[in-house]
Colleague: 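Have a look at this one before I ask anything.
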There are 2 protein chains.
Amino acid sequence: MDTKALLIEEAKNLFQQKGYKGVGLNEILKECEITKGALYHHFPNGKEELLISCLQSMQEEITTDIDMIFQQHSSTLTATKTLVDKLTAELDSGNKIAGYTFSSIVSEISSLSEPVRNACTALYEEIQKIYFKKLLNDGYPEEEAASLSLFMTVSIEGAMTLCLAKDSTLPLSNINAILPRLLKD
Amino acid sequence: MDTKALLIEEAKNLFQQKGYKGVGLNEILKECEITKGALYHHFPNGKEELLISCLQSMQEEITTDIDMIFQQHSSTLTATKTLVDKLTAELDSGNKIAGYTFSSIVSEISSLSEPVRNACTALYEEIQKIYFKKLLNDGYPEEEAASLSLFMTVSIEGAMTLCLAKDSTLPLSNINAILPRLLKD
DNA sequence: GTCTATAAGACGATAGAC
DNA sequence: GTCTATCGTCTTATAGAC
């Protein structure tokens, strides 16, 4: 792996775990076993430029993954259940935070720049779009699909936050107990 | 207002807006128009002790507020709708973040201490408990009330995160469109 | 109880050698 | 493309005067 990709990969993990402000450049550099010179060669604008690259990488990784799951299932209900199960399993194995939550970054948004906010909203919207299309495919009218897909995005994001706080997978797995009341079979 | 209370009040606002790591002591001190000496007199263990006091204050404020709303309505459905409406309105008026979200702090939890995590989980659990009791009162069986109350907590927290990211109140107000499908009238 | 002054270190960022 | 060395600023925290 080249240095730039390695840098994005390690920074991504650390930002997701500790938030943007919670991670120093030195920590990232140490993880990559490189020094400041290399970082500023690849990201002349420094830490924030690195963060935006991380958010873009996350967007690609997450949407690709969700997309694959949703293509493998006929209904939104079973696809979402599979997704939630996967997230639960990831959260369970290793105490590492699964790669899907970036609320750690979003929550600092008011002290960050406009490009960062844009990258975050883009991420949520791409996820929601996958749900939305699948719901249309299920036969839901457009307005209802919009509402449901937003609600799904909201619930899963909130569940991951609570899993993090409680150090438990219950908030996430509990979603699967509720979902059948919202989505048709 | 005495100095200690003022300190908690101002720090609470700043932590909610920018997260724990995002706020420096100097910023808090400037807002209160006091200096380091006063802060370390009231909080000998420094910033983290102040944070825990803030979380406790938030818990009291939030649960009291929710409790009051829930006492004024006969069903969980109408009470929750009123709560969500209030949160939406607060988020709308002024660009300040409403006082209910502390995901900005939770998300940094992995780089914070155990007492902080405990204060955060306590907060979520107190909120959930209010929903839980109201659901029992509505006639739901215990197991279902537990599941629904957790889901409500998750959804509202997630909605506030997305409102923050998108700079829109839609994620929150959308909850009220979905709720009637989950809770009986 | 609050102030000033200061310490010791981490922060992000830059310059220049190789 | 990566290194070392350094800069200025900001950070939390402490000591001691009042």
Side-chain angles (χ1 to χ4, degrees), chain A residues 1-55 57 104-105 107-117 119, chain B residues 1-55 57 104-105 107-117 119:
Chain A
M1 178 144 48
D2 64 13
T3 302
K4 186 166 184 175
L6 173 68
L7 215 30
I8 293 175
E9 204 54 37
E10 297 293 346
K12 211 166 55 175
N13 284 334
L14 288 169
F15 286 152
Q16 284 174 338
Q17 284 177 55
K18 307 186 177 186
Y20 178 67
K21 292 265 167 69
V23 183
L25 287 183
N26 289 325
E27 193 177 350
I28 300 169
L29 264 16
K30 192 182 165 189
E31 207 69 40
C32 296
E33 291 177 310
I34 59 165
T35 56
K36 297 238 159 104
L39 189 152
Y40 279 93
H41 171 74
H42 294 290
F43 301 95
N45 292 345
K47 195 184 178 188
E48 195 161 298
E49 189 182 350
L50 173 59
L51 170 64
I52 292 173
S53 284
C54 287
L55 286 169
S57 165
S104 43
I105 298 157
S107 55
E108 300 174 54
I109 231 172
S110 67
S111 50
L112 300 177
S113 74
E114 200 57 26
V116 176
R117 152 173 273 125
Chain B
M1 176 144 49
D2 64 14
T3 303
K4 187 166 183 174
L6 174 67
L7 215 30
I8 293 174
E9 205 54 38
E10 297 294 346
K12 213 166 54 175
N13 284 334
L14 288 168
F15 286 151
Q16 285 174 337
Q17 284 177 55
K18 306 185 177 185
Y20 178 67
K21 292 265 166 70
V23 183
L25 288 182
N26 290 327
E27 192 176 352
I28 300 169
L29 264 17
K30 192 181 167 191
E31 208 68 39
C32 297
E33 291 177 311
I34 59 166
T35 56
K36 297 241 159 98
L39 189 152
Y40 279 93
H41 171 76
H42 294 290
F43 300 95
N45 293 343
K47 194 184 178 187
E48 194 161 296
E49 190 183 350
L50 174 60
L51 170 63
I52 292 173
S53 284
C54 287
L55 287 168
S57 164
S104 42
I105 298 156
S107 55
E108 300 174 55
I109 230 172
S110 67
S111 51
L112 299 176
S113 74
E114 200 59 25
V116 176
R117 153 174 273 123

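So that the names make sense, note that chain A is the first sequence line, chain B the second, and so on, each numbered from 1. No experiment lies behind these values; they were computed from the predicted model shown.
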Colleague: My understanding is that only residues two or more places apart in sequence, or in another chain, count here; which of them pass side-chain contact (heavy atoms from CB on, under 4.5 Å) with N45(A)?
Modeller: E49(A)
Colleague: Report the distance from atom NZ of K47(A) to atom C1' of dT14(C), rounded to the nearest whole Å.
Modeller: 17 Å
Colleague: Which pair of heavy atoms, one from L6(B) and one from M1(B), lies closest together, and at what distance?
Modeller: N-CG, 3.6 Å
Colleague: Hey, what do you get for CD (E10(B)) to CG (L50(B)), rounding to the nearest 0.5 Å?
Modeller: 11.0 Å
Colleague: Could you tell me which non-hydrogen atom of I105(B) sits nearest to which non-hydrogen atom of L55(B), and how far apart they are?
Modeller: CD1-CD2, 4.2 Å
Colleague: Which residues pass the side-chain contact (heavy atoms from CB on, under 4.5 Å) test with I34(B), sequence neighbours left out?
Modeller: T3(B), L7(B), L29(B), C32(B), A38(B)
Colleague: Quick one: E27(B) CD to dT9(D) C1', roughly how many Å, whole number?
Modeller: 15 Å
Colleague: Starting from C1' on dG1(D), measure out to CG on L7(A) and report it in whole angstrom.
Modeller: 13 Å
Colleague: How close do K12(A) and S57(A) get, heavy atom to heavy atom, and via which atoms?
Modeller: NZ-OG, 2.9 Å
Colleague: Using five pairs at either end of the helix from dG1(C)-dC18(D) to dC18(C)-dG1(D), determine the angle between the two local helix axes and round it to 10 degrees.
Modeller: 0°
Colleague: Take atom CG of N26(B) and atom P of dT9(D), then tell me their distance rounded to the nearest Å.
Modeller: 14 Å
Colleague: Roughly how many Å is it from CG in L39(A) to P in dC11(C), rounded to a whole number?
Modeller: 13 Å
Colleague: Between atom CG of L25(B) and atom OG1 of T35(B), what is the distance when rounded to the nearest 0.5 Å?
Modeller: 12.0 Å
Colleague: Would you list the protein and nucleotides 2-4 of chain C atom pairs, both N or O, that sit under 3.5 Å from each other?
Modeller:
| unit_1 | atom_1 | unit_2 | atom_2 | d |
| --- | --- | --- | --- | --- |
| dT2(C) | OP1 | T3(B) | OG1 | 2.5 |
| dT2(C) | OP2 | H42(B) | NE2 | 2.8 |
| dC3(C) | OP2 | T35(B) | N | 2.8 |
| dC3(C) | OP2 | T35(B) | OG1 | 2.7 |
| dC3(C) | O5' | T35(B) | OG1 | 3.1 |

Colleague: Scan for ring pair (Phe, Tyr, Trp, His ring centres under 6.0 Å) pairs involving residues 17-51 of chain A, sequence neighbours excluded, and state none if there are none.
Modeller: F15(A)-Y20(A)
Colleague: Can you measure K21(A) atom NZ to dT12(D) atom P for me and round it to whole angstrom units?
Modeller: 12 Å
Colleague: Atom CG of L25(A) to atom P of dC10(D): distance rounded to whole Å?
Modeller: 16 Å
Colleague: Measure from CD on E48(B) to P on dT12(D) and round the result to the nearest Å.
Modeller: 12 Å
Colleague: Once side-chain contact (heavy atoms from CB on, under 4.5 Å) is applied, do any residues pair with E27(B), and if so which ones, sequence neighbours excluded?
Modeller: L14(B), K18(B), V23(B)
